[in-house]
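Just so we're on the same page: letters track the sequence lines, and every chain starts at 1.
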Amino acid sequence: MSDIRAIRGMNDILPRDIAYWQYLEKAVAAVLAGYGYSEIRLPIVEQTALFERSIGEVTDIVEKEMYTFADRNGDSLTLRPEGTAGCVRAAIQQGLLGSPQKLWYTGPMFRHERPQKGRQRQFHQVGVEALGIATPDMDAELILVCARLWRQLGLEDAVTLELNSIGSSAARRAFRESLVEYLRAREDALDEDSQRRLHSNPLRILDSKNAQTQALLDGAPSLEEFLDEEAREDFATLCSLLDAAGVAYRINRRLVRGLDYYNKTVFEWVTDALGAQGTVCAGGRYDGLVAQLGGRDTPAVGFAMGLERLVLLLQQFQPDLAPPGADVYVVALGDAAQRQALVSTEALRTRRAGLRIHAHSGGGSFKSQMKKADKSGAALALVWGDDEAASDTVTVKPLRGQGEQVTLALSELDTALDGLL
RNA sequence: GUGGCCGUAGCUCAUCAGGUAGAGCACCGGAUUGUGGCUCCGGAGGUGGGGGGUUCGAGACCCCUCGGCCACCCCA
C-alpha cells in the first residue's frame with residue numbers, strides 16, 4: 001500500500017456509487033428548474049472573515065472546524081464550511097439584490113470533524129436560497145421543493161419534517177436570559193456538555209440528547225412564549241400553507257439551529273435510517289444576514305441538503321439503481337479484424353449516438369474477450385475475426401436470454417440491432 | 001477534541017493457548033486449438049497498516065503511531 005493516501009475524511013466517490021450521485025443530481029436540478037430557481041456557481045475558498053461574521057464567531061464551526069490558512073500575501077482564507085455565506089456575498093457583490101433572487105448551488109464543503117457515518121471532512125451540499133422575500137409563502141415554497149424532491153427520489157417515507165420558529169434576535173436574547181437563569185439554578189443536574197453550553201451557546205442545550213437534561217427542560221421557559229406577534233403570525237401562516245398543500249410536519253419547540261444567522265422559521269428533514277447523523281436537509285430564515293454582510297437590508301430563507309446522507313438513503317431505499325454498463329461489447333481478433341472493427345464501430349457510434357458501445361482492447365483470445373463481454377453487462381457482442389474481415393460481415397451474438405448468433409453483411413447491422421436492442 | 005471496537009491476499013474472513021500464513025469470491029490460464037454465463041483443473045497474488053519492545057522465535061503479547069467503523073460532540 002502506498003504511503004500517499006487521501007486526506008482523512010475526504011473520500012473518493014467510486015464508479016460503483018456514481019449512479020446514485022447522478023440520479024440525485026439530476027432530480028435536484030429538475031425539481032429546482034420546475035420552481036424557477038437559477039443555479040449559481042461559487043468559489044470554494046473565501047475570506048475567513050466572511051464565515052466569522054455570518055456563521056458566528058462562537059460556533060463550533062468557526063472555532064474549531066474550519067480549514068483556514070494564509071494566502072501567499074498573508075490574507076486569511078478558508079475552505080467554505082457551508083454555502084449560504086458565499087451565496088449571499090456573491091449576491092451583494094454582483095448587484096443581484098435589486099429584485100428577489102431564487103438561487104441554488106452545489107459543491108463540496110469542508111469541516112474538520114471526526115469522520116463517522118454520514119459525516120466527512122469534505123462533503124457535498126445542495127443549497128437553495130431565496131433572497132428578498134419576507135413573507136412565509138416563501139418559506140412554504142422551499143419546503144414544498146424539498147417534499148417534491150423526496151417524492152421524486154422515492155424517499156418520502158424515509159424522512160419527516162420538523163418545524164419551529166425561533167423568532168427575532170431580540171426574542172431569542174430575552175429567552176436565552178430566561179433559560180440561562182432557569183438552568184443556572186439547576187446547573188448540577190445538567191450533563192457536562194450542557195454545562196459548557198450554558199456559557200457558550202445556551203440554546204443548543206434544547207436539543208441535547210441527554211435524557212436527564214431533556215427532563216429538566218420540561219419545566220424550563222419555552223421559546224414560544226417569547227415570540228413576538230409577527231413571528232407567531234408568520235409561523236401560523238406557514239403551518240396553514242403546509243396543511244393546505246398536504247405536507248406533514250411536526251412542530252418541535254426545541255428545534256434550534258447551530259448557525260447564528262437564523263431567525264423565525266427553522267426546519268429540519270430528519271431520518272432514523274442513518275444512525276446518529278439523522279438530519280438530511282435543514283434550513284430556515286436569515287433576515288439579518290444580508291445587512292450584516294454589508295448589503296441593503298434584505299429578508300431571506302434557505303436550506304441545505306447533505307448529499308452523502310441522501311446517497312446513503314437512496315442506497316437503502318432504492319437499491320436497484322442500475323450501475324453504469326454497456327449495451328454492446330465489441331470483440332475482435334487479428335490485425336485485419338481489429339482494423340475493421342475499429343472502423344465499423346466508429347461508424348456505428350456516429351449513426352447511433354447514445355448507444356453505449358464498449359470496444360475490447362488489450363487483445364486476448366476469443367474466449368477471454370467473450371468473458372469480458374459477459375461481465376460488461378452488454379446485451380450483445382459484435383464479433384470480428386478473420387472470416388468477417390475477409391467477407392465484410394460481422395457476427396452478432398445475443399448475450400442475454402435466448403437467441404442464436406448470426407453473421408450478416410455490415411450493411412445489415414443496423415436493422416439487426418433494431419430487432420435486438 | 002473524548003470514548004468503544006477494529007486493521008491478515010483486490011474483497012469478505014479464518015488460522016493461532018507465540019515456531020516464519022489459509023479459504024471463499026474476484027483475477028489469469030486450461031478442459032482437442034473462433035465464443036461468455038454452469039462445472040472441473042491449474043496459476044498468480046500477502047515484507048499480516050507502520051515503528052519500537054518482550055522472546056531463542058510474534059501476524060499473534062506490550063507500547064507508540066497511522067488508518068477504519070460506530071458513538072459522544074457537531075451538523076447537512
Side-chain angles (χ1 to χ4, degrees), chain A residues 1-9 11 16 55 59-66 80-84 106-128 146 159 191-194 196-197 200-201 204 207-210 255-259 267-271 274-284 302-313 329 331-334 337 360 362 364-389 395-401 404-405 407:
Chain A
M1 174 126 14
S2 167
D3 54 346
I4 297 184
R5 315 172 41 87
I7 305 303
R8 185 157 152 82
N11 300 331
R16 62 167 174 262
I55 296 170
T59 57
D60 279 13
I61 294 179
V62 169
E63 280 184 330
K64 46 198 186 198
E65 295 177 2
M66 294 204 305
R80 62 182 182 194
E82 59 105 39
T84 300
T106 185
M109 309 291 165
F110 302 85
R111 267 126 84 161
H112 190 105
E113 302 181 275
R114 189 86 170 258
Q116 69 183 68
K117 186 173 186 179
R119 188 172 84 181
Q120 40 280 118
R121 291 180 175 180
Q122 175 177 331
F123 61 104
H124 298 78
Q125 287 187 338
V126 165
V128 180
C146 296
V159 296
D191 62 276
E192 200 179 323
D193 286 318
S194 293
R196 177 176 51 75
R197 279 179 286 211
S200 60
N201 198 345
R204 305 260 0 161
D207 55 18
S208 167
K209 289 179 184 171
N210 185 284
L255 177 64
V256 291
R257 314 277 23 261
L259 289 70
F267 64 92
E268 271 186 27
W269 291 90
V270 298
T271 177
L274 293 183
Q277 307 302 321
T279 302
V280 122
C281 173
F303 66 83
M305 303 182 286
L307 300 190
E308 279 80 1
R309 292 179 187 179
L310 287 170
V311 165
L312 287 173
L313 280 184
Y329 196 98
V331 167
L333 186 58
H360 181 84
S365 63
F366 276 113
K367 187 190 181 86
S368 66
Q369 292 193 40
M370 287 307 299
K371 282 190 174 181
K372 299 260 173 58
D374 183 53
K375 294 217 170 77
S376 76
L380 291 179
L382 298 184
V383 182
W384 273 275
D386 292 339
D387 298 348
E388 287 85 352
T395 296
V396 180
K397 175 173 176 121
L399 296 173
R400 315 291 151 201
E404 290 298 303
Q405 70 179 48
T407 299

Exercise for the section: Could you give the distance separating rC25(B) and rG57(B) at their P atoms, to the nearest angstrom? Expected result: 40 Å
Handout entry: Main-chain N/O of Ala332(A) paired to Gln369(A) side chain as donor or acceptor, under 3.5 Å
Key = yes
Problem - Side chain Asp374(A) and base rG37(B) donor-acceptor under 3.5 Å - result: no
Handout entry: Spacing of Asp60(A) atom CG relative to rG1(B) atom C1', expressed in whole Å
Key = 10 Å
Practice task
Look at all strands and tell whether Leu310(A) reaches a base, only sugar-phosphate, or nothing, counting heavy atoms closer than 4.0 Å.
Solution key: nothing
Exercise for the section: Determine the contact category for Gly127(A): base if any of its heavy atoms lies under 4.0 Å from a base atom, sugar-phosphate if only primed atoms, P, OP1 or OP2 are that close, otherwise nothing. Expected result: nothing
Exercise for the section: Under 4.0 Å between any heavy atoms, over every strand shown, what does Val383(A) touch: base, sugar-phosphate, or nothing? Just pick one. Expected result: base
Problem - C1' spacing across the pair rC75(B) / rG1(B), given as an integer number of angstrom - result: 16 Å
Handout entry: Rounded distance (Å) that lies between atom P of rC75(B) and atom CG of Leu274(A)
Key = 18 Å
Practice task
Go through the N and O atoms of the side chain of Arg119(A) and the base of rC74(B), and report whether any donor-acceptor pair is under 3.5 Å.
Solution key: yes
Problem - Glu308(A) side chain vs Arg119(A) backbone, donor-acceptor pair below 3.5 Å - result: no
Practice task
Indicate, with a heavy-atom threshold strictly under 4.0 Å, whether Glu65(A) touches base, sugar-phosphate, or nothing.
Solution key: sugar-phosphate
Exercise for the section: State whether the distance check finds a donor on one side and an acceptor on the other, under 3.5 Å, for side chain Lys367(A) versus base rU35(B). Expected result: no
Completion exercise
Across all chains, not counting sequence neighbours, the salt bridge (charged side-chain N to carboxylate O under 4.0 Å, His left out) partners of Arg400(A) are Asp374(A)
Exercise for the section: Check whether any side-chain N or O of Lys375(A) sits under 4.0 Å from OP1 or OP2 of rC27(B), and answer yes or no. Expected result: yes
Problem - For atom CG of Leu312(A) and atom C1' of rA76(B), their distance in whole Å - result: 12 Å
Problem - P-based separation of rC5(B) from rG10(B) [nearest Å] - result: 28 Å
Problem - Nearest-Å distance once atom C1' is located in both rA71(B) and rG29(B) - result: 48 Å
Problem - Spacing of the C1' atoms in rA9(B) and rA44(B) (rounded, Å) - result: 11 Å
Problem - Donor/acceptor link under 3.5 angstrom from Gln369(A) side chain onto base of rU35(B) - result: no
Handout entry: Options rG29(B), rC28(B), rC75(B), nucleotide nearest the side-chain atoms of Lys372(A)
Key = rC28(B)
Problem - Side-chain N,O (Lys64(A)) to OP1/OP2 (rG1(B)) below 4.0 Å - result: no
Handout entry: Spacing of the C1' atoms in rG48(B) and rG7(B) (rounded, Å)
Key = 10 Å
Exercise for the section: Determine yes or no for a side-chain-to-main-chain donor-acceptor pair under 3.5 angstrom, with Arg309(A) supplying the side chain and Val280(A) the backbone. Expected result: no
Handout entry: Euclidean distance for C1', rG4(B) against rA23(B) (whole angstrom)
Key = 30 Å
Practice task
Measure from CD on Glu308(A) to C1' on rC69(B) and round the result to the nearest Å.
Solution key: 17 Å
Practice task
Using a heavy-atom cut-off of under 4.0 Å over every strand shown, decide if Glu388(A) touches base, sugar-phosphate, or nothing.
Solution key: base
Exercise for the section: Kindly point out which of rG68(B), rU35(B), rA71(B) is positioned nearest to the side chain of Lys117(A)? Expected result: rA71(B)
Exercise for the section: May I ask you to decide if Glu113(A)'s main-chain N or O and Arg121(A)'s side chain share a donor-acceptor pair within less than 3.5 Å? Expected result: yes
Handout entry: Of the listed nucleotides rC75(B), rC69(B), rC74(B), the one nearest the side chain of Glu113(A)
Key = rC74(B)
Practice task
State whether Gln116(A) places a side-chain N or O below 4.0 Å from either non-bridging phosphate oxygen (OP1 or OP2) of rC70(B).
Solution key: no
Problem - Between rC64(B) and rU12(B) - C1' atom distance, rounded Å - result: 30 Å
Practice task
Identify whether any heavy atom of Leu333(A) sits under 4.0 Å from a base atom; if not, whether one sits that close to sugar-phosphate; answer base, sugar-phosphate or nothing.
Solution key: nothing
Handout entry: Spacing between Arg204(A) atom CZ and rC74(B) atom C1', to the nearest angstrom
Key = 7 Å
Practice task
Verify the distance criterion only: is there a donor paired with an acceptor across the side chains of Glu268(A) and Thr279(A) at less than 3.5 Å?
Solution key: yes
Fill in the blank from the handout: In whole angstroms, the gap separating P of rC72(B) from CG of Asp191(A) amounts to 12 Å
Handout entry: Shortest side-chain distance from Arg114(A), nucleotide among rA71(B), rC73(B), rA76(B)
Key = rA71(B)
Practice task
For Ala304(A), report the nucleic acid contact type (base, sugar-phosphate, nothing); a contact means any heavy atom under 4.0 Å.
Solution key: sugar-phosphate
Completion exercise
Whichever of Gly278(A) and Phe366(A) has the more 5' nearest nucleotide on RNA chain B, that residue is Phe366(A)
Handout entry: Where Trp269(A) and Val159(A) come nearest, the two heavy atoms and their spacing
Key = CE3-CG2, 3.8 Å
Exercise for the section: Please check the phosphate of rG36(B) (OP1 and OP2 only) for any side-chain N or O of Arg400(A) closer than 4.0 Å. Expected result: no
Problem - side-chain N/O Arg257(A) vs rA76(B) OP1/OP2, d < 4.0 Å - result: yes
Problem - Watson-Crick and G-U pairing of RNA chain B written in dot-bracket, each distance under 3.5 angstrom, with | for inter-strand partners - result: (((((((..((((........)))).(((((.......))))).....(((((.......))))))))))))....
Fill in the blank from the handout: Of the listed rA76(B), rG34(B), rG36(B), the closest approach to the Leu399(A) side chain comes from rG36(B)
Exercise for the section: Evaluate side-chain contact (heavy atoms from CB on, under 4.5 Å) for His124(A) paired with Gln122(A), printing each intermediate quantity in order. Expected result: CA-CA 7 Å; His124(A) 298 78; Gln122(A) 175 177 331; 3.8 Å; yes
Problem - Partners passing side-chain hydrogen bond (donor to acceptor under 3.5 Å, both in side chains) against Ser194(A) (at least two apart in sequence or in another chain) - result: Asp191(A), Arg197(A)
Exercise for the section: Send over the distance from Asp193(A) CG to rU2(B) P, rounded to a whole Å. Expected result: 14 Å
Exercise for the section: Apply side-chain contact (heavy atoms from CB on, under 4.5 Å) to the pair Val126(A) and Leu310(A), showing each step before the final yes or no. Expected result: CA-CA 11 Å; Val126(A) 165; Leu310(A) 287 170; over 6 Å; no
Practice task
Provide the closest heavy-atom pair for Leu274(A) versus Lys117(A) in the form atom of the first, atom of the second, distance.
Solution key: O-CD, 3.9 Å
Practice task
Classify the side chain of Gln405(A) and the base of rG34(B) as holding, or not holding, a donor-acceptor pair under 3.5 Å.
Solution key: no
Problem - Under-4.0 Å side-chain N/O to phosphate OP1/OP2 contact, Lys209(A) with rC72(B) - result: yes
Handout entry: Nearest-nucleotide pick for Arg5(A), side chain only, options being rG67(B), rC69(B), rC73(B)
Key = rG67(B)
Practice task
Measure the distance from CG on Leu382(A) to P on rG34(B) and round it to the nearest whole Å.
Solution key: 20 Å
Handout entry: Upstream residue (5' side of RNA chain B) when Arg309(A) and Lys371(A) are each assigned their closest nucleotide
Key = Lys371(A)
